[in-house]
Amino acid sequence: MSSRGGGTALTRRNYRLSSDTDKPKATGVVNEKLLSDYLHHVFPSTKQGPALVSLRKPLGFQDLGSHLERLLSEGEPTEDSRDEATEGRLGPQPVVLDHTSGFEGLLFVDDDLLGVIGHSNFSSIRATTCVYKGKWAYEVLISSQGLMQIGWCTLNCRFNQEEGVGDTPDSYAYDGNRVRKWNVTTTNYGKSWAAGDIVSCLIDLDEGTITFCLNGQSLGTAFINIKMGPGVAYFPAISLSFKESVAFNFGSRPLRYPVEGYLPLQNPPTADLMKAHKLLGYIKNVLSTSIDTQEERLVDRDCAVWRLHGEPTVLITLAHVFNHFAPLMCKVYLVEDVLMNFLLGILEGGGSVNEHPLIQQLLDLFWLLMEDHEVNECLKQLMMSLLRAYRFSPIIPDLGFQIHYLRLTTAILHHEKSRKYLLNNITFDVLRSVVFFYIKTPLRVREAGLEELIPTTWWPTHFDKEGKDEWEPKDESSDERLRRRAYERGCQRLKKRIEVVEELQVQILRLLLNNKDKATGEASRYIFLNKFRKFLQENASNRGHPTALCPPEYMVCFLHRLITAVRLCWDEGNRKSPGSISSEDAYVPPQLFYNGKVDYFDLQRLGGLLSHLKKTLKDDLASKANIIIDPAEIQATSMDDLDEDEESGAAQRPFGAAAMGGALARPSWLSSPTLGRANRFLSTAAVSLMTPRRPLTQPEKVKVRTLAVEQRTEEDIEGSHGNDGLLLGRPLEEPDQSFADKSLLEIVDGIVMMYNLSVHQQLGKMVVVSDDVHEYAVALKDTEEKIARCPAKRPDIQEELQKSQKVFAEKLNHLSRRLAWINATIYSKEKMLDVYWLLCVCIRTIEHADNTGSLFAFAPEFYLNVAMNAYSALKNYFSPVNSMEELPGYEETLTQLAAILAKHFADPRIVGTDIKDSLMQALASYVCYPQSLRAVERIPEEQRVAMMRNLLAPYEQRPWAQTNWILVRLWRGCGFGYRYTRLPHLLKTKPEDANLPSLQKPCPSLLLQRHMAELLSMDKDMAASFLNSVLNQLNWAFSEFIGMIQEIQQAAERPERNFVDTRQLKVCATCFDLSVSLLRVLEMTVTLVPEIFLDWSRPSAELLLRRLAQLLNQVLNRVTAEKNLFDRVVNLRLPGLESVDHYPILVAVTGILVRILVDGDRQGVSRAASVLLSDPCFQLHSIQHLLGEGGESSSVTAAVASTTARPVVTSLGSSVTPPVLSAGNPERKHFSLHAYTDYISEEEKQKVELMLAFLTEESKQAAASIAPTSEEDLCPICYAHSISAIFKPCSHKSCKACINQHLMNNKDCFFCKATITGVEDYSKPAAF
């Protein structure tokens, strides 16, 4: 054999496989006889008899080609046998979805015409092939568990946006969402399906039946006696609602659950399949046979130890095999059925993936002996098959299927060249690779084997009055303790099995994050980094197109695995560079936000648009960060923002976007499991194209070379020789920290972005299962108590209660096992630590960015959002299984977050309305809980005072409701009768969510109250401005409330049925709640700083006191008057107006009055009383009403009260009798503070009695001393006070109160609109 044939660099590209006539007989290292024996052993003939003798003639490489051809042709099916298989079927091969005419509605169809996503109300599509005879099957891979009807239809079926498969006479469907079957009418059938299930659709046209299977288990015959005969043929068909997605398998791949006797609609490639199995057998023979050249014999060996050593005989033999094998491995059916199963078999022995080097050797062989396009296609199809198999494998107790496929994926990615090819071309571009990091939650507990794994279930059984779990170990019985411990052991078993899968997933990511494999080109990590950034862009920029997003349940699992992998890589680098920052202290340096090295797409920055920041802060960038922005780039960026729509033209469409039939280029995350990238968008109305994504913005020009994301190299990221890489442009305020792997900073930044995109919402969504367990546990306990109280003479009631008890117990058994799975995969201690680490990263990043001064405006908004949301998740979603108090450094972290919220909710560098509202809401929630409120009190005093100053800014200049709520929470627990958690009349009703901030126990902050008092006392202008705005808002809120209840009452009194908009009721209740909270803020102010109203040496003090008295009198009169509108609406007890009651508003008013009339000094009390009594709206009986004393009008009030107790017609048209008041508020003819003994102390009642006595006496004296005033001397504005002021220069007149109040908001005269330059006292000249 020549050296040309025996070289180790032998490939199909340079090896001539035809017979070489000039080839010598000798083989170089193997003699002719041994070679013949070897080839006969590798390629044994299957024929027997005389032919065997001729085949055993000496066989060399010259004859091997023809010999192999002859072996492969043996047993090939004839043309006749192929034709027989098609009888009973009409249509083209391969079978696909009919995207030209066989659809209705709007649909996304993948480029392979097997995956479909609904894009309208109810879309339908059928296949291109029909059947009329025989038994046929196809499979549907369920990607989403929503509303779909899957089955069969005839050509005559006409569908529309309301009627689909199963809604017409000749169509039949199974609906696993509603668990029903459809054929014009509908009945219960089958089981509920979930994402990741496979539905098999079987039709028997010999017997006239249709059957469905779910994950290989028959659901029973669904339809019998279906229409058959001449002209009747059935197409596979589906109807699906918006965003629902599936993929069909008509036989282009092996059916996952084949049913005996039923054929796939598409013929399997029988001939190719036979060849592939033969060729694989030959390869196995090569792997298991070695040539002992010394003893000239063949030796059997274990395949697992085979190595590619470049032996000429072996390589030439394999080259002949791969000449036939390589083209076959480009076909998905053969890859899945032959190659994938062979590789899985190699790993079946167990052990770590590293213990099976044969797969690495085989991949080397593939790259050596296959053309590049062949090995590329083979790897692509292999990874797609693995991903599909992983995603649609059923859950079993040991998660064996998932582990099996992940092990093979890991083994393939261990191969460096294959890994880089997949990363560069497949992993993020074609495959939905994040599926590999997802662990699906089983919907059907029994099939998942959770009953075996967790045989004993447990749920909480002790609840307080409000339905909160108040489990204590001492309250637990021995049986309950045993059950709980057995349940916990089952949960631990489950968790350990899930951790095996998670560990494999982390291994995969560790391989993708390898930055040491630079020998064959760019390291894997930098390829991953660029692809990962594009993946984030796709998900961030397509938020308006839900079908293009990575499903949030996948994103949650991906985030946790990525955090684990990144931290492992980070700490590994940290060990090699001891001076660098550890992952425990990780943060993202602020220069990443403005140096152009990392693309943030069009995400909002704290200071607004990036183009605007580049223009306004270019000098700061130059002076602080040594970064220069090219003026031409600033102009180009500005034009880019103006003409964004025009720039997103056809030239930017991805390759393959324009094709016949309305082809559509769609992001790779389209939630169809067929994983196609280019897709057809089908519409019966029109063929349209999606607006393509905006291209990546060009990076900023800095003092070093910058490139687009896809052009970046390792040097651009890590830096070298004075180049800081990602850390370019370090500001002076930023410490010179050492980072071992700068590339990981960008991945950490991407993790934070991922959490903001969809992870947080998904964490909140999965809490529903825990809430369901709680609700069913409460219902079960209530039912058991009713059974215990049920009289023995009522067996019928007893029986019904026992049925309910059984239903609740079965549901709890199911839910508690599901909850165990969710707690292990989503809410485990490890996952909680991941979210906590993310929170700490965000806090440190925000702190470092804040130190840069004006450059803080470049920070993306999502860092603040994630900091707030991560804290919320830790507090609300991970308990009670895991407690936030157990986290390391918990109190310090709370204090750091409190400092961020306190500083930035009014930070002028932050311009976005949404983020400012979010910060305000987060701070409002923060002060509702004792632990977080104490954290606010621990921040430095300077920051606390600045926070209070911002909270006391005038309300007119910003959204004020949340600010007011914060102040109220700081006061709640100190005010008059303000120590309640829930209002007295709502105690017997169960709250929708007992964890709401508004339902937390009072926890006032005396420290922050002191800061508020000092600020208002020292800054007189701010105090006047603040209180004027509070009084303005109170006037507005209460006026709106009164106007709305008038409309509600009018609607209720009409004889016809009237409906009040639910939104109107909600707005009405909101206005009432705002009025109460504003009154409480006034009570807090008048208690902490009474001199603002009572020290008339302060500017505006008298005016503020008069306005306060006026508003208090208006509120009292409206709420306490006879024939009261307020009473009538309260007694209607309308849904949505539950919070509207006498107690909250009257007690708030009483608190203010007591403070200024009883608790003040003599001069202040005298001034307050004179102002209150001089107000024309003052009515003494309104004060008497507080204690249930009606004076002379008590008989009238009693009559009104008895009248209003009659049934009234509500706004919803139903007859409602006002209910008997609850225990804390027994039925009385009058509201009275005496009735609320649990809410109002004796001392408070005595103060109210003193106030009533004092006002009674003062009103008598005032009535005796007041001289009548002529109408001409009254103020023409209010007609309540005498004229006491004259305006300059126009000389018009009014009372001081009116003009002073007017001048706080307007400088124009009431009458002539001239600008008022001054106001002087006026007294009427004496008459002569």
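What you see is a predicted model, and the numbers here were worked out from it, not measured in a lab. Index from 1, following the sequence.
Residues Leu1187 and Glu1249 are in side-chain contact: their nearest non-hydrogen atoms beyond the backbone lie under 4.5 Å apart. Looking at Leu1079 and Leu1112, their side chains come closer than 4.5 Å, going by heavy atoms from C-beta outward. In this structure the side chain of Arg1128 never reaches within 4.5 angstrom of the side chain of Asn1131, judged on heavy atoms. In this structure, the side chains of Val1130 and Ile1045 stay at 4.5 Å or more apart for every pair of heavy atoms. Using a 4.5 Å cut-off on side-chain heavy atoms (C-beta onward), His1185 and Ser1232 make no contact. Contact of the Leu1008 side chain with the Leu933 side chain is registered, since non-hydrogen atoms from C-beta on lie closer than 4.5 Å. The closest side-chain heavy-atom distance from Thr1150 to Leu1153 is not below 4.5 Å. In this structure, the side chains of Phe1178 and Asn1117 stay at 4.5 Å or more apart for every pair of heavy atoms.
Applying the side chain to side chain contact (heavy atoms under 4.5 Å, CB included) rule to Glu1242 yields the partners Lys1245; only residues at least two apart in sequence or on another chain are considered. Not counting sequence neighbours, the partners of Tyr980 by the ring-ring contact (aromatic ring centres under 6.0 Å, His included) test are Tyr978, Tyr1143.
Using cut-offs of 30° and 60° on the angle between ring planes, the pair Phe1231 and His1142 is parallel.
Considering every non-hydrogen atom in both Val1165 and Val1158, the closest pair reads CG2-N, 4.4 Å. Arg1155 approaches Pro1090 most closely through the heavy-atom pair NH2-CG, 3.5 Å. Heavy atoms only, all atoms of each residue included: Phe1072 and Ser1139 are closest at CE2-O, 3.3 Å. The two atoms that bring Leu967 and Leu952 nearest to each other are CD1-CD2, 4.2 Å, heavy atoms only. When all heavy atoms of Cys1068 and Ile1048 are compared, the closest pair comes out as SG-CD1, 4.1 Å. For the residue pair Arg1133 and Val1140, the shortest heavy atom distance occurs at NH1-O, 3.9 Å.
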Would you please test Val1081 and Trp971 for side chain to side chain contact (heavy atoms under 4.5 Å, CB included) and show each step? CA-CA 8 Å; Val1081 169; Trp971 177 245; over 6 Å; no
Applying side chain to side chain contact (heavy atoms under 4.5 Å, CB included), run through Phe1038 and Leu1111 and close with a yes or a no. CA-CA 9 Å; Phe1038 191 72; Leu1111 284 169; over 6 Å; no
For Gln1179 and Asn1113, what are the C-alpha separation, side-chain angles and deciding distance, and is it a side chain to side chain contact (heavy atoms under 4.5 Å, CB included)? CA-CA 8 Å; Gln1179 296 180 22; Asn1113 283 324; over 6 Å; no
Run the numbers on Glu785 and Lys781 for side chain to side chain contact (heavy atoms under 4.5 Å, CB included), then give the verdict. CA-CA 6 Å; Glu785 290 173 353; Lys781 185 177 177 63; 3.7 Å; yes
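Looking at Glu1138, its side chain does come within 3.5 Å of a backbone N or O of Gly1136 through a donor-acceptor pair. In terms of modelled atom types and a separation under 3.5 Å, the side chain of Glu1244 and the main chain of Ser1241 share a donor-acceptor contact. Listed for the Ser918 side chain is a donor-acceptor partner under 3.5 Å among the backbone atoms of Asp914. Looking only at distances, no side-chain donor or acceptor of Ser925 sits under 3.5 Å from a matching main-chain atom of Gln921. Not a single donor-acceptor pair under 3.5 Å links the side chain of Ser932 to the backbone N or O of Cys928.
Other residues, nucleotides and ligands contribute over 12 non-hydrogen atoms within 6.0 Å of the CZ atom of Arg979.
Between the OG atom in Ser1170 and the CZ atom in Arg1106 there is a gap of 7.0 Å [rounded to 0.5 Å]. Annotation: the span from Ser1100 atom OG to Leu1105 atom CG amounts to 12.0 Å, rounded to 0.5 Å. Rounding to the nearest 0.5 Å gives a distance of 8.0 Å between CG of Leu1088 and CG of Leu1016. To the nearest 0.5 Å, the span separating SG on Cys1071 from CE on Met1044 amounts to 4.5 Å. Expressed to the nearest 0.5 Å, how far CG of Asp1159 lies from CE of Met1251 amounts to 10.5 Å. Atoms SG and NE2, from Cys1312 and His1292 in turn, are 5.0 Å apart once rounded to the nearest 0.5 Å.
For the 3.5 Å distance criterion, the side chains of Asn1032 and Arg1107 qualify, holding a donor opposite an acceptor. Under the 3.5 Å distance criterion, with hydrogens and angles disregarded, a donor-acceptor pair is assigned to the side chains of Thr1120 and Ser1182.
For the salt bridge (charged side-chain N to carboxylate O under 4.0 Å, His left out) condition, the pairs that include at least one residue of residues 1069-1081, sequence neighbours left out, are Arg1080-Glu1083.
Applying the side chain to side chain contact (heavy atoms under 4.5 Å, CB included) test between Phe905 and each of Ile966, Ile915, Leu923 identifies Leu923 as the sole match.
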